[in-house]
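Here's the structure, in structure tokens; my notes come after.
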2 protein chains.
Amino acid sequence: MKLSEAKQQFIASWGAFGTHWGINRTMAQVHALLLISPDPLTQDDVMEQLSVSRGNANMNIRELIDWGLVDRVIVPGERKEYFTAEKDIWKVATQIIKERKKRELDPMMKLINQLSTVEGDKKDKETKAFLDTINGIKKFGEQADKTLDTMIKSEESWFLSTMLKMFK
Amino acid sequence: MKLSEAKQQFIASWGAFGTHWGINRTMAQVHALLLISPDPLTQDDVMEQLSVSRGNANMNIRELIDWGLVDRVIVPGERKEYFTAEKDIWKVATQIIKERKKRELDPMMKLINQLSTVEGDKKDKETKAFLDTINGIKKFGEQADKTLDTMIKSEESWFLSTMLKMFK
DNA sequence: CTGAATTTTCAAAAATTAATGAAAATTTGT
DNA sequence: ACAAATTTTCATTAATTTTTGAAAATTCAG
């Protein structure tokens, strides 16, 4: 398989993959493109290589920056902004976990905690079933919360172990 | 907060939550409804309680059965089919992980393995960057694959122990 | 300060995804 | 085997999400 073909394949598949995870296709494609680019790219590079409009490229690049997956790079003597993606896939995973935890797990747990205060007779079948479900989710969420925090915090030690692996 | 209000809240939020995970709103709502129902429900119960059409209810119930999250229940002396959801949230999580692994991780790894055979000079910057990314994903995927298999096979306290192993 | 380069916004259009509901198919009791 | 009950299908419609591109805002060199 030729490189150009493999690149296209990777970008297309990463985009399709993203849609299964609530991420829009273009955003995932921009991320894929930056992941395999040795040097930072400009918005125009992204527009051209993915055949998307200026507005679309801009929105999705900013969204990736929000997610902490892409950084702006200043190139001395250049007016345009350049963008680059974090290449260490373990760091990418950590960052995604961190953001999704913040955006999804935390609000869900807040809601579950509210719902667990529902008034009603615990002898009532409907009430009991509701509370059993809510409390099950609560316990699960608390465990997930702790575990994910541990994972997120241990980031630095992964970096170290990754570096060690690199040199042997 | 009253039970009826809490139920509505839970169903609506679970539905919204689902959309962040590539699951359609109605499917997540049907799941939520069955999770908090002490007894099995019929398609008509689902249609009525969620105000959705027959076709929609039918499609989403079947999809949940495909995912292994909902079962048909035979009620003796009744013509209609009844449906019930697995209530143990740890089992629910395991089942979802199992299915997503099969539907998403496995195909992605197949693609990555193909792409890692790309021809080209490893001295070329573009080729090197591509292969570095692909190989990084490959290693990550292999580790994730093992870890998820362990999680699927083991009971209860898998979450913390396996996750910690993954990152050390 | 000026104006050209660049980035950002956002209303409208396009594309995608989900829902409806009637018809077709299937199941089951008699 | 019949027919009523129930489930499933799927073409059409509706809702949602994404993309476009031109205008507005911003940045920055001279």
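Here is how names work: the chains are called A, B, and so on, in the same order as the sequence lines, proteins then strands, and each is numbered from 1. Quantities reported herein were computed from a predicted structural model and do not represent experimental measurements. Basis for what follows: all heavy atoms, side chains included, without hydrogens, waters or symmetry-related copies.
- One finds no salt bridge joining B/Lys139 and B/Glu142 here, because no Lys/Arg side-chain nitrogen approaches an Asp/Glu carboxylate oxygen to under 4.0 Å.
- For D/dT18, the OP1/OP2 oxygens have no side-chain nitrogen or oxygen of A/Asn60 closer than 4.0 Å.
- Here the P atom of nucleotide C/dA19 and the CE atom of B/Met47 are 14 Å apart, to the nearest Å.
- Heavy atoms of B/Asn24 sit under 4.0 angstrom from primed sugar atoms or phosphate atoms, though from no base atom.
- Between the CZ atom of A/Arg54 and the P atom of C/dC10 there is a distance of 18 Å, given to the nearest Å.
- A salt bridge does not link A/Lys87 with B/Asp132: none of the charged nitrogens is closer than 4.0 Å to a carboxylate oxygen.
- Between B/Asp121 and B/Lys128, none of the side-chain N atoms (NZ, or NE/NH1/NH2) sits under 4.0 Å from a carboxylate O, so this pair counts as no salt bridge.
- When distances are taken from the side chain of B/Arg79 to each of D/dA5, C/dT8, D/dT19, the shortest belongs to D/dA5.
- B/Glu81 comes within 4.0 angstrom of the backbone, heavy atoms only, and of no base.
- The interatomic distance linking A/Ile61 (CD1) with D/dT19 (P) rounds to 13 Å, in whole Å.
- Distance CZ (B/Arg62) to P (C/dA19): 14 Å, rounded to an integer number of Å.
- The distance between atom CE of B/Met59 and atom C1' of D/dT8, rounded to the nearest whole Å, is 10 Å.
- Distance, A/Asp44 CG to C/dT6 P: 8 Å, rounded to whole Å.
- In this structure, A/Arg100 is not positioned above the aromatic face of A/Trp21 in the sense of NZ or CZ being under 6.0 Å from the six-membered ring centre and within 45° of the axis.
- Both B/Met27 and A/Glu78 sit near DNA chain C, but only A/Glu78 has its closest nucleotide nearer the 5' end.
- In terms of phosphate contacts, B/Thr26 brings no side-chain nitrogen or oxygen within less than 4.0 Å of OP1 or OP2 of C/dA18.
- Taking side-chain N and O atoms only, B/Arg25 has no distance below 4.0 Å to OP1 or OP2 of C/dT17.
- For the OP1/OP2 pair of D/dT7 and a distance below 4.0 Å, the side-chain nitrogens and oxygens of B/Arg72 include no atom meeting the criterion.
- Separating the CD atom of A/Glu48 from the P atom of D/dT20 is a distance of 15 Å, rounded to the nearest angstrom.
- By the 30° and 60° cut-offs, the orientation of the rings of A/Trp90 relative to B/Phe140 is perpendicular.
- Put simply, CD1 on A/Ile65 is 11 Å from P on C/dT7, counting in whole angstrom units.
- Between A/Asn58 and C/dT7, a side-chain N or O to OP1/OP2 separation shorter than 4.0 Å is absent.
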